[in-house]
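Following: one structure in structure tokens, then a few remarks.
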Amino acid sequence: MTTIEHGVAGGISFALTDEQKSLRELAREFAEKEIRPRAASYDETSQHPADVIAKAHELGLMNVHVPEEYGGLGLPCFDGMLIGEELNWGCSGIGTSLVANGLGSAPVIIAGSDDQKRRWLPQLIEEPILCSFGLTEPGAGSDVASMKSTAVRNGDEYVLNGSKTFITNAGHAAWTVVFAKTDPSKGHKGISAFVVPMETDGVTI
Ligand SMILES: Cc1cc2nc3c(=O)[nH]c(=O)nc-3n(C[C@H](O)[C@H](O)[C@H](O)COP(=O)(O)OP(=O)(O)OC[C@H]3O[C@@H](n4cnc5c(N)ncnc54)[C@H](O)[C@@H]3O)c2cc1C
């Protein structure tokens, strides 16, 4: 039988590659064996799934978008989605926690300098550490440009002030990309992103 997955002669094939199928199966099996049996109790006790994160990291199910030159697999968005879909079938809370390194590292991958990429990306591959993406504020969700956080240059440093909310994994992250206004007169064009190690003086959760 000809299906969309198998493609039609002369048409576009939407079939997954063998590698994509293997990734999806790996994520499905992980969700079934490692996530689903624990999900309810983690939910009831509000426990952060550090052990599940460590296992997913060991299997290569995290940080899949980190480019190969920085130690990752350099997989495209679609492949990450295949993995994320299965992990979130296991549990949407644990799944979100597992895929959020993709969000946290994206600004560094997209806009970081080579030095910044070398400093922040390989460590995600080497150890099961977390990073997060600090955009949303108590008064700025969809309307990002209304954020109040500021970053003011002071010599060679920037001084950041502000509050963020709903930041996935922030309480367990090694570093967070924090968005703050460097030029409030420019609206959304006056926002910059800073990698902030969570042990920096002045960071409170
Ligand atoms: C599970 C989870 C994880 C998250 N993780 C992160 C994270 O890691 N980092 C981070 O920065 N943020 C994170 N967020 C925050 C998320 O990005 C925000 O919740 C989102 O941007 C929406 O903002 P808000 O909740 O303030 O809702 P609002 O922006 O106040 O929106 C409320 C409602 O109004 C609607 N609405 C808003 N503006 C308009 C408009 N102009 N016209 C019509 N309708 C409109 C929206 O569609 C929505 O239904 C997370 C949120 C959740 C739920």
Side-chain angles (χ1 to χ4, degrees), residues 27 31 35-36 38-50 52-54 56-57 61-66 72 75 77 80-112 116 120-121 123-125 127-151 158 160-184 186-200 202-205:
I35 299 180
R36 285 177 85 93
R38 294 171 173 78
S41 81
Y42 279 44
D43 215 10
E44 279 159 22
T45 57
S46 300
Q47 192 185 329
H48 192 255
V52 181
I53 289 168
H57 182 272
L61 290 170
M62 295 173 67
N63 308 302
V64 294
H65 307 305
V66 170
L75 295 182
C77 244
M81 181 279 297
L82 286 175
I83 295 172
E85 192 174 42
E86 297 305 334
L87 298 179
N88 281 279
W89 168 77
C91 167
S92 58
I94 294 176
T96 301
S97 200
L98 289 171
V99 299
N101 268 17
L103 188 58
S105 60
V108 178
I109 294 172
I110 292 169
Q116 288 168 329
W120 300 110
L121 299 178
Q123 58 178 260
L124 296 176
I125 307 297
E127 298 170 68
I129 59 172
L130 298 172
C131 62
S132 49
F133 180 86
L135 181 70
T136 304
E137 297 185 0
S142 309
D143 182 15
V144 169
S146 68
M147 72 167 54
K148 297 276 182 281
S149 292
T150 56
Y158 277 88
L160 275 68
N161 275 299
S163 295
K164 299 291 176 180
T165 191
F166 300 143
I167 310 304
T168 302
N169 289 337
H172 305 272
W175 49 271
T176 294
V177 172
V178 176
F179 292 81
K181 286 202 169 158
T182 38
D183 186 348
K186 288 191 179 157
H188 66 279
K189 291 194 172 171
I191 298 171
S192 303
F194 299 83
V195 182
V196 178
M198 295 303 277
E199 60 193 16
T200 306
V203 174
T204 55
I205 302 285

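Numbering of ligands and ligand atoms starts at 1, following listing order.
Every residue two or more places apart in sequence or in another chain that forms a side-chain hydrogen bond (donor to acceptor under 3.5 Å, both in side chains) with Asn169 is listed here: His48, Ser97.
Sorted by chain and number, the heavy-atom contacts of ligand 1 below 4.0 Å come from Leu103, Phe133, Leu135, Thr136, Gly141, Ser142, Phe166, Ile167, Thr168.
The stretch residues 83-110 participates, sequence neighbours left out, in these salt bridge (Lys or Arg N to Asp or Glu O under 4.0 Å) pairs: Arg28-Glu86. Sorted by first and then second residue, the salt bridge (Lys or Arg N to Asp or Glu O under 4.0 Å) pairs with a member in residues 133-147 read Glu137-Lys164; sequence neighbours excluded.
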Could you check Leu124 against Met62 for side-chain contact (heavy atoms from CB on, under 4.5 Å), going step by step and ending with a plain yes or no? CA-CA 9 Å; Leu124 296 176; Met62 295 173 67; over 6 Å; no
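Side-chain atoms of Thr176 do not come within 3.5 Å of backbone N or O of Phe133 as any donor-acceptor pair.
Atoms CD1 and CG, on Ile109 and Leu121 in that order, are 5.5 Å from each other to the nearest 0.5 Å.
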